[in-house]
Amino acid sequence: MEDHHSVNSPRRVLSFSKRRRATISFLDPDDKASGFGVSGEHGPKTSEVYGFVGSITTIVATVIFLVWAYLPEPWLHSIGIFYYPNRYWALAIPTYAMVSIALALLFYVGLNFLSTPPATSLCTVYDEFSREPANRVALMERYDEHPIEPMSDISISKMNNLMFSDVK
């Protein structure tokens, strides 16, 4: 028998009995991939194991880095550590990483500016996704109440009139 999850649907009744309801069954993809659940065994999923091992590895690496960066050399020698990288790299690696991230962000913003059309281009006003406003009279005839109008673009002439006309 397969181990699966089921969801009861209260809206679809398959029989005349009120006790019997339709069920929608689906297998958990992690259960299939890891081998758990299908044979009836229960255990951790592979993603949980990788997350646990990754978090423990990160904590251990951080402690080793801090011990190497901040303990004086005589203390390191007293606990038996004689071979380690130069202390210069304790400052250089985080600094290089932060500068690389900042430069990558600036490069990304620069690429966006280069790919944006100029302000005088018609692509900034109309494109293949532009929508004309719907006819309000046709909408009023279809519905008894005032409907919410469908999403559409405001034309440039209407925007200019709204923004730059001398209405006081």
Side-chain angles (χ1 to χ4, degrees), residues 4-12 21-38 44-71 84-168:
H4 61 276
H5 307 282
S6 65
V7 178
N8 290 330
S9 173
R11 296 182 184 232
R12 289 181 39 194
R21 300 208 182 253
T23 59
I24 301 170
S25 301
F26 55 92
L27 290 173
D28 194 356
D30 288 339
D31 287 346
K32 232 185 222 182
S34 64
F36 295 112
V38 176
K45 297 180 182 176
T46 55
S47 59
E48 292 171 352
V49 173
Y50 289 147
F52 178 74
V53 170
S55 65
I56 296 298
T57 305
T58 302
I59 291 170
V60 169
T62 303
V63 168
I64 289 172
F65 175 79
L66 292 175
V67 165
W68 163 63
Y70 290 109
L71 282 183
Y84 47 85
N86 191 352
R87 299 279 173 100
Y88 163 79
W89 295 108
L91 273 172
I93 290 174
T95 304
Y96 290 153
M98 287 188 295
V99 169
S100 298
I101 290 170
L103 288 176
L105 289 173
L106 286 173
F107 183 70
Y108 179 72
V109 169
L111 281 178
N112 282 331
F113 278 129
L114 287 174
S115 65
T116 303
T120 57
S121 173
L122 285 177
C123 293
T124 59
V125 180
Y126 299 106
D127 63 359
E128 67 269 13
F129 301 107
S130 297
R131 292 182 171 183
E132 293 294 325
N135 187 359
R136 188 158 175 81
V137 176
L139 285 174
M140 294 295 285
E141 290 173 357
R142 276 179 59 191
Y143 301 102
D144 295 334
E145 301 172 4
H146 297 287
I148 298 174
E149 294 182 15
M151 187 168 48
S152 63
D153 295 325
I154 301 173
S155 68
I156 191 71
S157 59
K158 187 171 184 178
M159 279 306 303
N160 285 336
N161 285 337
L162 289 172
M163 292 180 65
F164 302 116
S165 65
D166 291 332
V167 177
K168 292 184 181 181

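Applying the 6.0 Å contact sphere to CG of Leu105 captures more than 12 heavy atoms from other residues, nucleotides or ligands.
Of all non-hydrogen atoms in Arg87 and Leu71, the two that sit nearest each other are NH2-O, 2.7 Å.
Looking at residues two or more places apart in sequence or on another chain, you find no side chain to side chain contact (heavy atoms under 4.5 Å, CB included) involving Leu91. With sequence neighbours left out, the ring-ring contact (aromatic ring centres under 6.0 Å, His included) criterion links Phe65 to Trp68.
Rounding to the nearest 0.5 angstrom, the gap separating the CZ atom in Phe113 from the OG1 atom in Thr116 is 7.0 Å. Between Tyr96 atom OH and Leu103 atom CG the span is 13.0 Å, to the nearest 0.5 Å. For the atom pair CD1 (Ile64) and CD1 (Ile59), the distance works out to 12.0 Å, reported to the nearest 0.5 Å.
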Report task. Apply the test side chain to side chain contact (heavy atoms under 4.5 Å, CB included) to residues Tyr84 and Trp89: give CA-CA distance (whole Å), side-chain angles for both, the deciding distance (0.1 Å), then the verdict. Result -> CA-CA 11 Å; Tyr84 47 85; Trp89 295 108; over 6 Å; no
